[in-house]
Structures are given as structure tokens and as C-alpha cells.
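Contents: one structure, followed by commentary.
Nothing here was measured: the structure is a model prediction, and the numbers come from that model. Chain letters run A, B, ... following the sequence lines, proteins first and then strands; every chain starts at 1.
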Amino acid sequence: MRDYNFSEIEKKWQARWVQDKTYHVIEDPKRRKFYILNMFPYPSGAGLHVGHPLGYIASDIYARFKRQQGFNVLNPMGYDSYGLPAEQYAIQTGQHPQKTTFENIDRYRSQLDKIGFSFDWDREVRTCDPDYYKWTQWAFQKMFNSYFDQQLQKAQPIEKLIDQFKSQGTWPSDPKAQNDLLMKHRIAFLGETMVNWCPKLGTVLANDEVVEGVSVRGGYPVEQKKMRQWCLRISAYSQRLLDGLDTIQWSDSIKETQRNWIGRSEGTEVEFHYLSPDGDSDGGTFTIFTTRADTMFGVTFMVLAPESELVAKLTTPAQKAQVDQYLAYVKSRTERERMIDHTVTGVFTGSYAINPFTGEKNPIWISEYVLAGYGTGAIMAVPAHDSRDYAFARHFNLPVIPLIQGADVSTESYDAKEGIVINSPAQGKTSVMYDGESLVLNGLTVQQAIAATKQFVQKHNIGRVKVNYRLRDAIFSRQRYWGEPFPVYYKNGIATMIPAECLPVRLPQVDNFLPTESGEPPLGNAQLWAWDEANRQIVDKSLIDEKTVFPIELYTMPGFAGSSAYYLRYMDPHNDKALLSRQAAEYWQNVDLYVGGSEHATGHLIYSRFWNKFLFDLGVSTQDEPFHKLINQGMIQGRSNFVYRIKDTNTFVSLGLKDQYDTTPIHVDVNIVRNDILDTQAFQAWRPEYSDAQFILEDGKYVCGWAIEKMSKSMFNVVNPDMIVERYGADTLRLYEMFLGPVEQSKPWDTNGIDGCHRFLRKLWQLFWDKDGNLQVQDNHPTAENLKTLHKLIKKVTADIETFSYNTAISAFMVATTELSSQQCRSRQVLEQLISLIAPFAPHIAEELWHAIGNQTTVCDAPWPQFDEKYLVESSIRLGVQFNGKVRFDMQFPADATPQQMTDMALSAPEAAKYLDGMQIVKTIAIPKRIVNIVVKPQA
RNA sequence: GCCCAGAUGGUGGAAUUGGUAGACACGAGGGACUUAAAAUCCCUUGACCAUUGCGGUCGUACGGGUUCGAGUCCCGUUCCGGGCACCA
């Protein structure tokens with residue numbers, strides 16, 4: 001018997017793969033490409049736990065499978081290495097973030113290397129590497145110099161827009177005015193916007209970085225603040241981002257989340273005239289947005305957002321004091337308060353608007369329930385059919401006019417968009433005439449009424465059909481140190497691009513990572529941070545004269561800047577002339593399979609799609625969508641163990657007996673617990689205070705309690721992959737992580753079941769050796785039984801890999817190995833194909849066995865076995881009445897027929913002949929009532 | 001509140017997509033080997049009844065429905081998870 005010495009085998013082959021550059025990939029026009037990508041990790045100080053490699057293993061299996069099928073597979077890895085944790089660690093310890101980041105990367109790398117991935121490390125990228133972020137800066141400058149053409153629905157050079165302005169005669173002569181005008185169109189632009197300001201972190205945050213009014217990272221309160229920031233006009237791409245979802249294979253839930261985030265809403269903009277504050281004359285118009293154009297006759301008041309520019313215009317002198325008081329109140333409220341507390345507040349402006357359909361005067365109010373950032377910041381209120389308007393109307397005692405037949409609005413609004421319209425116009429009243437026409441909606445359904453109103457509004461120029469999107473422009477600057485610097489300097493206050501030939505603009509050294517005393521971002525501490533325009537170089541900032549030497553931007557880019565186009569860089573990572581060559585772009589196209597967590601649904605996965613669409617418009621990317629198929633691996637939760645200490649003692653009682661005592665549960669390190677049985681000696685050695693611990697056992701064992709919690713150091717439930725590799729081997733780890741359940745499902749880590757996978761690998765190993773440790777593989781013909789087992793396996797495993805059902809594929813391996821073992825299979829032909837099949841899952845043992853049976857090449861290139869139906873001799877046919885909409889053939893059985901009688905009848909039926917011709921009946925199963933399954937196989 | 005996904009043994013999970021529910025693995029129980037332990041191997045393992053052999057009844061969160069046949073399809077209910085949330 002030869003031992004399965006996994007440790008030796010794995011070290012040997014990992015070294016050989018590095019030496020032979022087995023996983024190095026180059027463009028090869030003769031072979032079809034397949035691009036597999038994992039979301040690259042942020043290298044945190046805690047290192048990898050067993051949850052991290054889950055997605056990497058899943059994609060590695062697929063990569064190896066595709067390679068064996070003959071594809072030229074790109075499977076790269078890198079690091080998202082700019083980010084807040086390294087910076088905060090730097091602030092605490094004074095260590096440069098680059099140092100800690102690089103240390104963390106090294107640690108990650110050594111952990112990853114032990115698991116046997118087929119990454120091409122020659123293509124590694126790091127977002128904090130100047131050779132990499134040069135192209136992030138380059139893309140930013142391209143965005144600055146582009147605008148989004150609504151007609152063409154794509155980005156165009158800004159020069160084209162300038163020409164348009166010139167030909168229209170609207171191009172201003174003043175450079176400042178030119179700048180202001182272009183800023184309204186550039187895709188990367190400086191905007192004076194309301195931002196999520198986090199005082200504790202000292203930076204602004206993007207919408208996806210804020211949840212329920214606090215920062216995702218750290219959980220600190222976030223407030224709204226108006227600031228000048230770099231922004232990306234991602235909202236311009238709303239429709240394309242929405243349409244693109246229909247062309248890609250992502251899960252419905254992620255697509256739905258993105259659709260929600262984009263928030264397309266089709267509606268109508270309607271112009272309302274308002275009366276001038278001094279009297280009854282026409283004061284002008286303002287526009288509202290509504291999705292309920294059918295409810296024009298139910299408007300009883302108007303509401304403005306407190307931040308709306310109309311507020312100042314429409315407030316009457318008499319109401320000014322009250323309005324100011326209300327605005328002060330609104331300003332005092334934090335984002336969080338506004339989000340949680342929905343009490344009705346508001347104030348009357350004193351002005352009135354004229355309803356364009358009824359001609360009636362509606363009071364104009366101000367309330368914080370109307371948002372400045374959506375639509376026009378002003379609404380028409382229809383309390384009968386909108387619950388928010390309803391609450392407002394009831395609170396301030398405003399009228400409610402129902403517009404739908406049968407709707408009872410005495411206690412709540414009727415919000416459903418269905419029913420027959422009434423009161424439009426109300427009985428005895430008339431609708432305002434436009435060119436001899438007036439709008440009458442009575443008797444129509446809601447949907448018909450919306451369509452009719454839209455048409456009327458357009459025809460008579462009262463408003464227009466409008467599509468609104470909830471998606472906001474991305475705020476693109478951060479007041480941090482550890483990020484990409486902007487390649488921008490300020491010349492007389494105007495943002496100017498540092499010439500592209502001078503990129504990258506390298507992150508300067510600072511001696512302090514905190515904001516400056518004057519409140520500037522950390523880059524304000526950099527001494528060498530000014531742009532000498534004439535000499536085209538970075539110089540000391542004391543030389544700033546605003547004539548030839550100018551200050552450089554102090555903001556840095558956010559985390560998503562570097563992660564938005566990294567998949568393109570992997571295609572051509574060392575190119576210093578371009579982000580990537582045309583040739584590489586055309587060969588690798590886009591990512592065929594992307595694997596990563598669903599928590600990036602509204603962050604990275606939207607930003608990347610936007611960024612790629614922009615690069616596609618430029619002709620840099622060849623595909624409109626970056627990631628064709630997306631698999632979201634589930635999170636691995638921790639499984640914590642507990643011991644129960646009897647109060648005020650150092651005695652611990654086993655789980656089954658704990659109710660007899662007054663105990664406190666204490667987290668215990670899961671690494672000293674096996675199958676929920678505590679290693680009591682290891683426990684005593686774990687911490688000094690437990691060295692004299694006493695135990696009350698049950699059946700001689702100490703049984704621990706358990707709970708599913710987040711994997712974290714403080715709960716002592718972190719399982720380190722290195723430990724598993726050491727104890728069971730990388731192949732067992734790979735197999736077990738996949739065996740745990742479907743890749744896409746979140747599940748707790750539980751080391752308990754791992755023995756099963758390890759036992760399987762040993763059984764597989766033993767298939768090849770006899771008692772004396774000699775190879776027992778022979779070149780004789782396989783038996784029909786052997787071939788049947790093999791081809792059943794080929795069929796199952798191939799189908800399972802394609803659908804990422806790795807857990808069932810592994811089950812199939814277990815069954816097949818048991819079968820081959822009991823069949824005494826020695827056939828080289830069968831065993832060789834078995835190795836090929838297992839190679840993606842357990843590459844080390846496969847490589848060892850592959851060479852042991854006499855192969856010289858790497859198992860990574862072993863051809864994927866071809867399934868042949870003819871070896872699966874049994875097939876099943878069913879005879880009976882119509883089922884599942886398909887007719888095999890119709891046959892009536894008497895209600896009281898016994899299964900035997902039904903079987904006989906079915907077999908003797910003339911229609912059965914074509915199924916039975918040349919077949920031998922293996923068995924018949926009569927399912928009660930009318931169905932007979934007949935298993936047949938071809939006659940020998 | 002709205003949208004999405006789900007609920008199967010003691011546990012993780014299978015089920016050819018409407019055709020013998022519980023594959024595979026863990027755990028548990030029993031046995032073999034062993035001075036002993038570990039490792040390994042064999043048997044049992046959804047529940048209940050019958051066990052002298054066969055076997056029988058009930059079972060996929062709950063209540064209905066469609067069907068010869070439902071874990072799977074339809075309607076309603078409960079519960080858990082995820083997303084959005086004053087978006088007019």
C-alpha cells in the first residue's frame with residue numbers, strides 16, 4: 001500500500017508549475033479564447049480565511065475545464081490595493097500605507113499559492129502601481145474631454161460640442177464662461193453638489209457607500225453638504241445601463257437590483273403658471289414631473305422641495321418669516337433623521353399655481369418629503385391617489401378629490417393604478433379649452449387616461465413626455481491620501497489637465513496622512529505638489545506663482561476608480577503605450593465568466609459597466625458590456641463554538657448538562673474543537689486563565705454549543721485555509737469548499753464534513769496501487785461495466801461543471817470511484833480518463849497520478865473526455881396516456897388493471913413496437929394507475 | 001410598504017425540470033480488526049406500524065387547486081434571507 005502523501009505531492013507540483021510556467025497564457029489566434037475573472041481582492045491585514053477562496057476555487061475549476069476542452073483560457077489575478085483600511089492603519093501607526101499594503105499582498109499571495117490555482121501571475125495588476133493607475137488617470141482625462149451625445153447615445157469629443165455652440169452662436173468669449181458651460185456637459189466634471197459628507201472619515205462618500213444614513217465602512221454618521229467635487233456623469237448612461245442588462249447572463253436578483261438603482265420612470269412634465277406674489281397677475285411658470293398624468297383633476301395643492309430654487313421666488317413677504325423658520329428646521333436635520341422620521345412637516349409659501357386643466361388656484365407648499373434631486377424638485381399633489389400627498393393633506397387639512405370609481409379615500413389614499421376615471425372634470429365643471437379642445441377623462445381606465453393626457457399635453461404645449469432616472473452622477477473625489485491622484489492642476493481657478501504624455505502623476509510623499517490644519521485634504525501636506533506648466537514637471541509648491549506654476553488637485557480618486565477597468569488591463573498588462581493594444585482587445589473581447597460577491601451590485605458592477613461603455617464609445621473596449629456571465633458566490637459564514645462556564649467558577653459544563661447549572665456561554669476557538677467535541681487539553685493551553693479549568697463531561701466528552709455568525713477574529717471562528725491545507729491538503733480543501741453546497745449560496749463553514757472528501761481522495765489514490773505499493777494499471781480492454789461507470793461520470797461531470805453544480809459532480813466522483821473499485825478496474829484507458837475528469841477539482845493528485853501512469857505532459861492539457869451514449873446501454877421509455885403535453889402514444893388501461901396486466905398490455909400494443917424493436921427489456925415498473933416505465937437496452 | 005429569491009431527515013444538501021423523494025457526505029447507533037487507541041472495513045439510519053420473511057401507512061413550511069401522477073405548476077397563508085425605500 002502506497003500512502004497518499006498529499007503534502008509532498010502538492011509541494012512538488014506547485015513548484016513544477018511555477019518552473020514550467022504552466023499557467024502562462026499568450027494570445028493565440030488559432031485557439032478560441034475564454035476569459036475568466038474573479039473580483040480582485042482588497043488585501044486586508046487579516047489575511048485570507050476559508051471564505052475568500054470559494055469563488056477562486058469555483059472559477060479555477062471552470063478555467064481548468066475550459067483549458068482541457070481546448071480553449072485558450074485567461075485566468076488572471078491582482079489586487080485592489082488602494083483603500084481606507086491601509087490609510088487608517090497608517091494614521092494610527094505612522095507606517096506608510098504602501099508598506100502595509102505590500103506586506104498584506106505578500107501574505108495573500110503565499111496563502112493563494114498553497115491552493116493550487118491556475119492564475120497567470122505574469123499578468124498581475126495592482127491598482128496602486130503607477131504603471132497601472134496611469135491608465136486610470138488617462139481614462140479620467142478622456143472623460144473630462146468628452147460629453148454624452150443624447151442623439152447618438154454615446155460619448156463624443158468635447159470639441160464637437162464646442163463646434164456646435166459656435167455654429168449656434170452660443171459659444172461665450174469669456175474663458176471662465178466657456179469653462180462653466182463645458183462643465184455642464186463633460187462626462188468627468190466639477191460639480192457643486194450635495195454630497196454625503198462623513199465628518200468622522202473626513203471625506204465624501206458615494207451613494208452606495210452609505211446605508212441608512214451611516215457609512216458602510218465604520219458606520220459613522222453621514223450628513224448632506226454642498227461641496228465642489230469631481231463627478232462622473234454616469235446618469236447620462238442610464239438608458240444604456242438599463243438596456244444592457246437584457247444582453248448579459250446575470251442573476252435576476254442582481255439585474256433587478258440594478259434596475260431599481262437606475263430607477264427608470266416614465267412620466268409627464270407639466271407646466272404650471274403661478275400667480276405673482278403681489279396679486280393676481282401671471283408670475284411665470286414652473287414644471288412638475290408626474291407618473292400619474294391621469295390625476296390632473298385631483299390636484300389640490302403643489303409642493304416644492306425645501307432646496308428648490310423656486311422657494312425664494314414663490315415665497316410671499318407675509319409668509320417669509322415662517323418659510324425661513326421651516327428651512328432652518330430642515331437644514332438642522334441630518335440625513336439619518338430624515339430617513340427614519342417621516343412625520344409630516346411643511347409650510348405654505350403664500351403663492352398659488354393655476355391648474356392648466358381645471359383653471360383653479362392651488363396653494364403652493366414646501367415640504368421635505370419632496371426631494372430636490374429628483375424630477376424637477378416640485379410636484380403636483382393628488383392626495384386621493386398618493387399616500388404621501390394624502391398624509392400631508394390630512395395633516396394640513398387640505399381637500400381630497402377622489403378620481404377613481406369606487407375608491408374609498410376616507411381613511412387612506414387609493415394608490416393602485418387601476419380602475420375607471422371619474423371627476424375629470426368633476427360634474428358641473430368644465431375643462432380648460434386649448435385651441436377648441438378640452439381634456440375629458442371620465443370613463444377611461446387609468447392607463448388610457450395617462451395616455452390621453454400625455455397626448456393632450458404634448459399637442460397643446462402644456463408639457464412633454466419625460467423619462468426620469470433615479471441614478472445619480474457618481475461623486476468621484478475623496479479627501480484621502482491613499483488613492484489615485486488627479487492629473488489636474490488649477491490655472492486661475494480653472495481645472496486644467498496635465499498633458500497626457502506626462503502621466504502618470506505619481507502620488508506624492510507626505511509626512512502626515514491627516515488633513516492639514518487649514519482643513520485641506522492630506523495631499524495638502526505634500527511639499528512637491530505644484531505643476532510647472534512650461535517645463536512640464538511637478539515642482540515644489542513654494543514656487544507657485546499662478547503664472548507658470550500652479551497648484552495641483554488635492555483630492556484623490558475613490559476606490560472604484562481603479563477597479564472599474566482592471567479587467568481590460570489584464571489583457572495587456574505591461575503595455576506602456578496604451579491601456580491595452582488593439583490586438584489584445586480584439587482577441588480577448590470581454591470577460592466570459594465573472595465571479596464575485598453580490599454585495600457589489602450597486603457599486604463596482606455599475607461603475608464598471610459605465611466605465612466600459614465609455615471606453616467602448618472611445619473604441620478602446622470592443623464590447624458594450626464588460627462581463628458576459630456573472631456568478632455570485634455566496635458568503636461563507638462562521639460557525640462559532642461555545643463552552644459553558646458555571647458562574648463564578650472555572651468549571652465548564654458540557655452542552656447537554658448545562659441547563660442544570662447557571663452558566664455563561666463563552667466563545668471558544670473553533671480550531672481546538674473537532675466535531676463539536678472540545679480538546680480539553682488544548683483548551684487549558686489556549687489561555688492562561690483556563691490553565692486550571694475543570695470540566696463536567698458527558699460520556700467522557702465535552703460537547704460544545706454552536707451558532708452561525710459572521711466569520712471574525714473576535715468570535716474565534718475564523719478558519720484559516722493554510723491550516724486546512726496543512727492538515728488535509730489543498731485538493732481536499734478545494735473539493736470540500738465545493739462540496740459544501742451550491743457556489744451561489746451563502747452557507748456556514750463547518751470543518752466537520754471535510755473527512756468525507758479526504759477519504760474520497762484516498763480511495764481514488766488506492767485505486768492505482770496494489771498492496772505492495774506497485775502501480776496496478778494494465779493495458780487490457782475495459783469491461784462494459786467499467787465503461788458504463790466512466791461514461792455516466794463523463795456525462796454528469798461535464799453537465800455539472802457547465803451549470804456550476806460542483807457539489808453534485810463531486811458526489812458523482814465518489815460513486816464512480818466506489819464502483820470502479822468494486823469492479824476491480826485496472827484499465828489504463830478508463831483510469832486515464834478518470835484522472836482527466838478530476839483534474840480541474842483536484843489538480844495536484846491528478847498530476848501525480850497522470851505522471852505515475854506514464855504521461856509526460858501536464859494534466860492541465862489532458863483532453864476532456866468525450867461522452868459516448870452507446871456505453872449507457874439502458875434507456876427508459878414510458879408507455880401510457882398523454883403526459884406532460886407530449887404524447888408517446890395514447891393508451892387506455894382499465895381502471896382496475898393490475899400493474900402486471902398494464903405492463904403486458906403496454907408491451908403488446910402495436911405503438912410500442914418502435915420503442916421495443918431491437919431492445920431487450922431490463923425491467924418494467926408499473927406506477928399505480930396508468931403509467932408503465934419500461935427500461936430497455938439494446939440486444940447484445 | 002414595494003421588488004427579488006427561498007423553505008426537503010439530527011446536519012450540509014440531491015432529485016434527469018411533472019414520473020419510484022431523501023443521491024452523496026457528515027453526524028449517530030451496531031459490528032469486525034486491535035492488548036488499547038487512532039486509522040480502516042461492514043451493517044442500520046425520514047417517521048410510525050409490522051417485524052417469522054414479505055410488507056403497510058404517513059411524509060418535501062401550512063391550506064386549497066390542476067393532473068393518471070406535484071418537492072416541482074397555479075391560488076392563498078406563514079416564516080427566513082437579500083435589495084429598494086418620502087423617487088411623485
Taking atom [atom1] in both [N] and [M], what distance in whole Å separates the two?
N     : M     : atom1 : answer
B/U52 : B/A38 : P     : 34 Å
B/C2  : B/G9  : C1'   : 36 Å
B/C75 : B/C24 : P     : 36 Å
B/G81 : B/C42 : P     : 42 Å
B/G13 : B/U60 : C1'   : 13 Å
B/C84 : B/G18 : C1'   : 36 Å
B/U67 : B/A61 : C1'   : 23 Å

Just to be sure I understand the rule, does [X] reach a base, reach only the sugar-phosphate, or reach nothing, if contact means heavy atoms closer than 4.0 Å?
X        : value
A/Leu740 : sugar-phosphate
A/Pro748 : nothing
A/Arg264 : nothing
A/Val370 : base

Taking the side chain of [X] as its heavy atoms from C-beta onward, which of [options] lies nearest to it?
X        : options             : answer
A/Glu368 : B/C86, B/C84, B/A14 : B/C86
A/Glu256 : B/G13, B/C86, B/C4  : B/C4
A/Asp386 : B/A5, B/A39, B/A88  : B/A88

Distance in angstrom units between A/Leu54 CG and B/G12 P, rounded:
17 Å
If pairs are Watson-Crick or G-U with both distances under 3.5 Å, what is the dot-bracket string of RNA chain B, marking crossing pairs with [ ] and pairs to another strand with |?
((((.((..(((......[....)))((((((.......))))))((((.....))))..(((((..]....))))))).))))....
Going by the angle between their ring planes, with limits at 30° and 60°, are A/Phe392 and A/Phe396 parallel, tilted or perpendicular?
tilted
Measure up the A/Trp769 and A/Trp765 rings against each other and bin them: parallel (under 30°), tilted (30 to 60°), perpendicular (over 60°).
tilted
A/Phe813 and A/Phe841: aromatic ring centres closer than 6.0 Å?
yes
Distance in Å, A/Ile724 CD1 paired with A/Arg734 CZ, rounded so as to fall on 0.5 Å steps
15.0 Å
Specify the glycosidic conformation (syn or anti) of B/U67, with syn defined as within 90° of 0.
anti
Protein within reach of the bases, or only the backbone? For nucleotides 22-28 of chain B, mark each nucleotide 5' to 3' as B, S or -, using heavy atoms under 4.0 Å.
-BBSSS-
Please determine whether salt bridge (charged side-chain N to carboxylate O under 4.0 Å, His left out) holds for the pair A/Asp755 and A/Arg759, giving the CA-CA distance in whole Å, both sets of side-chain angles, and the decisive distance to 0.1 Å.
CA-CA 6 Å; A/Asp755 287 324; A/Arg759 269 197 279 268; 5.1 Å; no
Does A/Gln239 have any side-chain contact (heavy atoms from CB on, under 4.5 Å) partners at least two apart in sequence or in another chain, and if so, which?
A/Gln153, A/Leu242, A/Asp243, A/Arg264, A/Tyr469
